[in-house]
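Worksheet: the structure to be examined is printed underneath.
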Protein chains: 2
Amino acid sequence: MPSHRHTIADDLRTQITTGRLKPGERLPAETQLATHYSVSTPTLRNALALLQAEGLVNKIHGKGNFVRHSLRHITYLGGSRTTLAQFPSDPALRVSVHTINRLAQGHLATLLKVSARSPLTEFRRIAYEGQSPRSLTRIYVPRDLPPPKYEELAEIQETVTARVPTPEEASTLRISPVLPVLSITRVTTAPTGRVTEAALLTLPGNRAHAIFTTHPTTTESRPAG
Amino acid sequence: MPSHRHTIADDLRTQITTGRLKPGERLPAETQLATHYSVSTPTLRNALALLQAEGLVNKIHGKGNFVRHSLRHITYLGGSRTTLAQFPSDPALRVSVHTINRLAQGHLATLLKVSARSPLTEFRRIAYEGQSPRSLTRIYVPRDLPPPKYEELAEIQETVTARVPTPEEASTLRISPVLPVLSITRVTTAPTGRVTEAALLTLPGNRAHAIFTTHPTTTESRPAG
DNA sequence: GAGTGGTCTAGACCACCAC
DNA sequence: TGGTGGTCTAGACCACTCC
């Protein structure tokens with residue numbers, strides 16, 4: 001016997017995938033849906049939570065539940081030499097940037113190999129596709145370093161994990177707190193050994209992947225095409 | 001103002017990470033915890049759901065909530081030339097392997113660039129630390145190919161995603177169905193262009209990360225900006 | 001201000017596990 | 001059989017968005 005929320009989720013999922021509910025369309029209010037399915041509002045919300053975790057429904061506080069536009073899949077290309085100036089290099093995206101001056105501390109200081117309380121600049125970028133946020137990037141650069149010259153990058157190291165978003169990330173990306181996110185920490189090092197930049201990317205797991213390509217034997221480096 | 005469930009989760013998380021609650025220990029019953037924190041049982045259960053998603057707590061129906069044993073962190077090193085013979089190269093781990101003969105189909109055929117119904121060998125490996133499974137690897141090789149020579153690998157491509165485990169993966173790895181997993185698809189290609197091997201790794205997100213290191217060569221062109 | 005979702009309460013009943 | 005978690009009810013009040 002499937003639980004109520006699953007039968008409700010199945011019904012709504014069918015309506016979405018068959019196109020009876022169209023992308024961008026607002027679902028009836030949760031109270032109305034609860035009445036329609038003869039369940040309490042928490043139960044109906046649990047059903048919607050399933051669809052959110054699948055990325056089918058986008059819930060906006062104060063506005064309603066919307067059928068997601070099928071967003072383009074996000075492909076993060078590992079090892080690319082772009083830096084903060086070009087980072088989300090897709091011109092089709094709208095990007096907001098906040099710049100914050102702050103001091104290194106804790107994990108961040110370790111990552112950048114600087115001492116605690118040394119000055120940093122933080123760039124907090126959110127990329128939007130239409131109205132939907134699709135990625136959050138926090139970039140940290142030591143403020144006492146000259147802008148890096150890309151020809152002189154010695155190493156790019158990317159660390160990838162899967163986790164649940166922090167409450168802040170969940171609200172920023174408008175995703176469910178239980179939707180896994182792909183978290184990429186990208187540290188670039190100059191030949192001098194100094195870390196020129198650390199970037200923390202958070203991508204919704206249901207529509208993002210990261211690709212890393214290695215050519216072990218040959219030294220030829222062809223751009224991917 | 002943080003919500004109740006977060007403050008409760010924070011408190012329990014502190015008790016777990018500081019060792020006041022020890023690995024394997026059973027937490028008080030949910031009704032008792034709800035009384036202790038002066039919240040309703042649904043609210044307390046929401047708090048526990050957060051800890052479950054973080055992998056700190058293991059919930060067993062009819063028995064209780066248990067503090068997870070902390071296992072060693074899993075580091076997946078990207079771009080390594082090891083193949084199925086050496087894959088989880090840690091000798092401290094116990095590894096079980098099942099070998100299955102099967103036919104390519106669907107996504108798997110695409111991945112291996114072979115036609116549907118062409119013969120494959122599947123190696124299904126589970127690595128254990130003590131009694132706890134820690135990783136699941138499924139390796140597929142075309143059966144009509146000679147064993148690859150590692151000197152002749154032309155390309156290793158790794159695709160990384162974050163998602164919730166399939167029910168089968170959750171039970172195999174003994175993790176919560178809502179705990180994110182790091183999923184790595186690793187495809188190796190010979191100079192001939194043939195795919196020699198595809199490996200699907202599933203790692204519990206809360207104790208695994210993947211590291212990719214790139215050393216840009218000076219022959220690469222600077223990205224347009 | 002009207003309507004929406006976010007969170008929470010204080011229970012209820014059922015399903016699973018061990019004794 | 002007793003204790004545990006799984007699911008659900010029928011509300012309540014707060015926070016956000018838009019007009």
Side-chain angles (χ1 to χ4, degrees), chain A residues 1-12 24-53 56-68 128 130-133 164-179, chain B residues 1-12 24-53 56-68 167 170-171 174-179:
Chain A
M1 183 65 169
S3 56
H4 277 175
R5 62 178 186 207
H6 282 114
T7 42
I8 295 172
D10 289 347
D11 183 53
L12 289 172
E25 190 173 342
R26 213 207 74 185
L27 272 59
E30 297 185 348
T31 49
Q32 293 178 33
L33 284 174
T35 305
H36 175 259
Y37 288 110
S38 304
V39 295
S40 67
T41 48
T43 300
L44 184 109
R45 288 169 55 77
N46 284 335
L48 288 179
L50 297 174
L51 300 177
Q52 265 184 280
L56 283 177
V57 162
N58 185 24
K59 159 170 294 198
I60 304 179
H61 190 175
K63 295 182 73 173
N65 291 277
F66 298 84
V67 180
R68 282 204 92 100
Y128 296 86
Q131 295 303 313
S132 300
V164 288
T166 66
E168 188 219 345
E169 290 170 341
S171 69
T172 301
L173 293 173
R174 299 222 190 101
I175 57 176
S176 150
V178 298
L179 174 72
Chain B
M1 186 63 168
S3 57
H4 278 174
R5 64 177 186 211
H6 282 114
T7 40
I8 294 172
D10 289 347
D11 183 52
L12 289 171
E25 188 174 341
R26 213 207 73 184
L27 272 57
E30 298 185 348
T31 49
Q32 293 177 34
L33 284 174
T35 306
H36 176 258
Y37 287 111
S38 305
V39 296
S40 65
T41 47
T43 300
L44 184 108
R45 287 169 57 76
N46 284 335
L48 287 179
L50 297 174
L51 299 178
Q52 268 185 99
L56 284 175
V57 163
N58 187 23
K59 159 169 292 198
I60 304 178
H61 190 174
K63 295 183 72 176
N65 293 276
F66 298 85
V67 180
R68 281 200 83 101
S171 70
R174 296 214 199 108
I175 57 177
S176 152
V178 298
L179 175 71

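Just so it is clear, the model here is predicted, and its values are computed rather than measured. So you know, we letter chains A, B, ... as the sequences are listed, proteins then strands, and number each from 1.
Rounded to whole Å, atom C1' of C:dG6 lies 14 Å from atom CG of A:Leu44. Residue B:Leu33 contributes atom CG, which lies 14 Å from atom C1' of D:dG3 at whole-angstrom precision. Distance, B:Ile8 CD1 to C:dC8 C1': 11 Å, rounded to whole Å. Between the CD atom of B:Glu30 and the C1' atom of C:dT9 there is a distance of 16 Å, given to the nearest Å. In this structure, B:His61 places its NE2 atom 4 Å from C1' of C:dC16, rounding to the nearest Å. Between B:Leu27 atom CG and D:dT4 atom P there is a gap of 12 Å when expressed in whole angstrom units. To the nearest angstrom, P of C:dA10 lies 18 Å from OH of B:Tyr37. Taking atom CD of residue B:Gln52 and atom P of nucleotide D:dG5, one finds them 11 Å apart after rounding to whole Å.
Closest of all the heavy-atom pairs between A:His6 and A:Leu50 is CD2-CD1, 3.4 Å. Residues A:Ala47 and A:Ala9 approach most closely at O-CB, 3.9 Å, considering heavy atoms.
Residues passing the side chain to side chain donor-acceptor pair (under 3.5 Å) test with B:Asn58: none are found, sequence neighbours excluded.
B:Asn65 has no side-chain polar atom (N or O) that falls below the 4.0 Å cut-off from OP1 or OP2 of D:dT4. Distances shorter than 4.0 Å separate some side-chain N or O of B:Arg26 from OP1 or OP2 on D:dT4. Proximity of A:Arg45 to the phosphate of C:dG5: no side-chain N or O atom is located under 4.0 Å from OP1 or OP2. Phosphate proximity of D:dT4 to B:Lys59: absent, as no side-chain N or O sits under 4.0 Å from OP1 or OP2. Between A:Thr41 and the phosphate of D:dT9, there is no side-chain N or O to OP1/OP2 separation shorter than 4.0 Å. Within the structure, a side-chain polar atom (N or O) of B:Lys63 is placed less than 4.0 Å from OP1 or OP2 of C:dA18. Considering only side-chain N and O atoms, A:Asn46 lies nowhere under 4.0 angstrom from the phosphate OP1 or OP2 of D:dT7.
B:Ile8 contributes atom CD1, which lies 13.0 Å from atom CZ of B:Arg45 (distance to the nearest 0.5 angstrom). A distance of 11.0 Å separates CD in B:Gln32 from CG in B:Leu44, rounded to the nearest 0.5 Å. Remark: A:Leu48 CG to A:Leu12 CG distance equals 6.5 Å, nearest 0.5 Å.
If you find the closest nucleotide of DNA chain D to B:Gln32 and to B:Pro42, the one lying nearer the 5' end belongs to B:Gln32.
Only one option out of A:Glu30, A:Glu25, A:Arg26 pairs with A:Asn65 in a side-chain contact (heavy atoms from CB on, under 4.5 Å); it is A:Glu30.
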*Could you provide the dot-bracket string of DNA chain C, using ( ) for intrastrand pairs, [ ] for crossing pairs and | for bases paired to another strand, with Watson-Crick or G-U pairs below 3.5 Å?*
||||||||||||||||||.

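Residue contacts for B:Thr35: at a heavy-atom cut-off of 4.0 Å it reaches no nucleic acid atom on any strand shown.
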